[in-house]
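Structure record follows, encoded as structure tokens.
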Amino acid sequence: MPLGLDRLGLRPVSQCHVERGDRGGVRLIGCEPEADASARSCRACDGVARVRSSWTRRLVHVPVGQRSTHLLVRVRRYECRRCGRRWTDDLARAVPEADAMTDAAAWRAVAEVVLRSKSVLACARDPACSWDMVNDAVLSRGLGHLVGDERRFDGARMLGVDEHVWRHAPRGGRYVTVAVNPTPRRDGRPARLLDMVEGRSGRAFADWLAARPESFRDNVQVVAMDAFAGYKRAAARQAPRAAEVLDPFHVVQLAGQKLTKVRCRLRRETAGRRAPGPTRSTGAGGYC
Ligand SMILES: [Zn+2]
């Protein structure tokens, strides 16, 4: 059974199956921590401990095939016979403190959300857990290992910046400023997303640049952007060695919009009625 319990420091002791209506079942694996003699040995006095009590901790684990798998771990509380010191089984290999999802299940959720663009709700269905549990796991791993990994800034000679609507809601901030590294593949690393910060102002971009190390700003040779003057001013102030350029997408978009305006004007002048006009994406087609 490919559960990888040995890597988690757990030993299976029982198994049962619980139905979940039309969603299939959940396999419940009863486990105990692999405890050698040192688990019962007191660190304070080297005395031998007895098991004073125990409780069951339920952990969401990686599904096996189409079936959700949860671990029911019996956690023991020990008490030293000599000095009375108390402690519990160490589950650090299986699950971070206070989490209800094993590390393997949490990283599976991160891969599904980040690499396959699956929704959090869809990711919660397979392991039969809550939306909050998957969301917490993705945020904690993502912030710690992806957002917190400063190596993504290394070697960036080109910088791309643009706005993006990340929330379609009537209230609250709708926009983020997105910074990407369009530097061609180099040293085995592809072009990549660098960061996203709240807002779409020149101030947001300038503050983000100012927060980067001086070596990063000095290494950037080109900053590609749309025609927003705020981004241009921010780049000129924080990365003065870099050249500010319009990116190809916005060059084509602006040219398309201007062409359409001319076409509409000529159409009105010659035929006295409207002509096909711009669309939101490229400035071509549609009606003006
Ligand atoms: Zn002791």
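Please read all numbers here as calculations on a predicted model, not as lab measurements. For ligands, and for the atoms within them, numbers begin at 1 and follow the listed sequence.
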Is a donor on one side and an acceptor on the other found under 3.5 Å between the side chain of R82 and the backbone of C45? yes
N/O donor-acceptor pair under 3.5 Å between R76 side chain and P33 backbone: yes
Taking the basic N atoms (NZ, or NE/NH1/NH2) and the acidic carboxylate oxygens, is any pair closer than 4.0 Å for K118 and D126? yes
Please check this pair: side chain of H70 against backbone of P127, looking for a donor-acceptor N/O pair closer than 3.5 Å. yes
Using a distance threshold of 2.8 Å, what protein N/O/S atoms lie below it relative to the Zn ion (ligand 1)? C42 SG, C45 SG, C80 SG, C83 SG
Under 3.5 Å: donor-acceptor pair, side chain of W87, backbone of A39: yes
Against the six-membered ring of W208, is R212 placed for a cation-pi contact (under 6.0 Å from the centre, within 45° of the normal)? yes
